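Letters A, B, ... are given to chains in the order of the sequence lines, protein chains preceding strands, and every chain is numbered from 1. Not measured: the values here are computed from a predicted model.
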Amino acid sequence: SQQGEEDPQALSIQEGENATMNCSYKTSINNLQWYRQNSGRGLVHLILIRSNEREKHSGRLRVTLDTSKKSSSLLITASRAADTASYFCATALNDMRFGAGTRLTVKP
Amino acid sequence: GAVVSQHPSWVICKSGTSVKIECRSLDFQATTMFWYRQFPKQSLMLMATSNEGSKATYEQGVEKDKFLINHASLTLSTLTVTSAHPEDSSFYICSARLAGVYEQYFGPGTRLTVT
């Protein structure tokens, strides 16, 4: 079964704008990870945030984690057309469960 | 480091036949491997967890007699889709994990098409 929900399910923005995706989960976690997947391709690991961390940055990516609310957000700043993809959060404890994903479209 | 490969990357088979997908950890020993299935425009769904040398644990709703998983060594797990049907057409992704750590490393996926 999936771990939780992501919203929005789909997001369309213009190049240069910021994109924010949210993820909620249901159980305890050791860490939460965000992945990108281009259509029909494999997963690309973006960032991992541990349960004792609240915020993490990597380049244009900013991830927050609120374990009290069981939620996380991924912010992509200054988006580019190449950021067009599906984005999934995944929670890890004994195994890894994926959220439903957000399909991001960045228009040039 | 921590590279996981899958073979084949894509396969087409006829209904009723069986197809085997391999998942290998290339530079580490994976005590646990996971198999996921992803239908078009959907998320990854965990199918089963396999520990080296023991039987796989299947998620609810996944037929263990249809999806045979073998984790015979610390670097290789195989998923065999038996008596394949068109509805088994999907993207199958494996991942591998070292003992004692939570990080998983994902393979590139195998696209199965059953005609």
Inset, instruction - Under the ring pair (Phe, Tyr, Trp, His ring centres under 6.0 Å) rule, what do A:Phe98 and B:Phe106 come out as? Steps first, then yes or no, please. - result: CA-CA 13 Å; A:Phe98 285 78; B:Phe106 285 84; 5.6 Å; yes

Inset, instruction - Side-chain contact test, heavy atoms from C-beta onward, threshold under 4.5 Å: evaluate it for A:Arg97 versus B:Glu59 and give yes or no. - result: yes

Inset, instruction - Tell me, for A:Arg41 versus chain B, whether the close heavy atoms (under 4.5 Å) come from the side chain, the backbone, both or neither. - result: backbone

Inset, instruction - Determine whether B:Val81 and B:Val11 fall in the same hydrophobic cluster, where Ile, Leu, Val, Met, Phe, Trp and Tyr are linked whenever their side-chain heavy atoms lie under 4.5 Å apart. - result: yes

Legend entry - Flag side-chain contact, heavy atom, 4.5 Å: B:Leu46 against A:Met96: no

Legend entry - B:Gln104 side chain near A:Gln33 side chain, heavy-atom distance below 4.5 Å: no

Legend entry - ILVMFWY cluster, B:Tyr105 and B:Met33 together (side-chain gap under 4.5 Å): no

Inset, instruction - Inspect the surroundings of CD in A:Glu53 and state if more than 12 heavy atoms from other residues, nucleotides or ligands are less than 6.0 Å away. - result: yes

Legend entry - Between OG on residue B:Ser43 and CD on residue A:Gln37, distance to nearest 0.5 Å: 8.5 Å

Legend entry - Contact check, side chains of A:Leu43 and B:Leu44, non-hydrogen atoms, under 4.5 Å: yes

Inset, instruction - Verify the cluster assignment for A:Leu104 and A:Val63: are they in a single hydrophobic cluster under the rule of side-chain heavy atoms below 4.5 Å apart? - result: yes

Inset, instruction - Give a yes or no on this: more than 12 heavy atoms of other residues, nucleotides or ligands lie within 6.0 Å of atom CZ of A:Arg54. - result: yes

Inset, instruction - Indicate, with yes or no, if B:Tyr36 and B:Phe67 share a hydrophobic cluster defined by side-chain heavy-atom contacts under 4.5 Å among Ile, Leu, Val, Met, Phe, Trp and Tyr. - result: no

Legend entry - Cluster check B:Phe91, B:Ile21: I/L/V/M/F/W/Y, side chain < 4.5 angstrom: no

Inset, instruction - Would you mind checking which part of A:Leu48 comes under 4.5 Å of any heavy atom in chain B, side chain (CB onward), backbone (N, CA, C, O), both or neither? - result: side chain

Legend entry - Heavy-atom proximity to chain A below 4.5 Å, by part of B:Gln38: side chain

Legend entry - NE2/B:His7: more than 12 non-hydrogen atoms of other groups inside 6.0 Å: no

Inset, instruction - Indicate the atoms forming the closest heavy-atom contact of B:Arg97 with A:Asn94, along with that distance. - result: NH1-O, 2.6 Å

Inset, instruction - Please report the shortest heavy-atom distance between B:Phe34 and A:Asp95, naming the atom on each side. - result: CE2-CB, 3.5 Å

Inset, instruction - Count the heavy-atom pairs under 4.5 Å between each of B:Arg111, B:Gln6, B:Glu103 and chain A, then report the option with the highest count. - result: B:Glu103

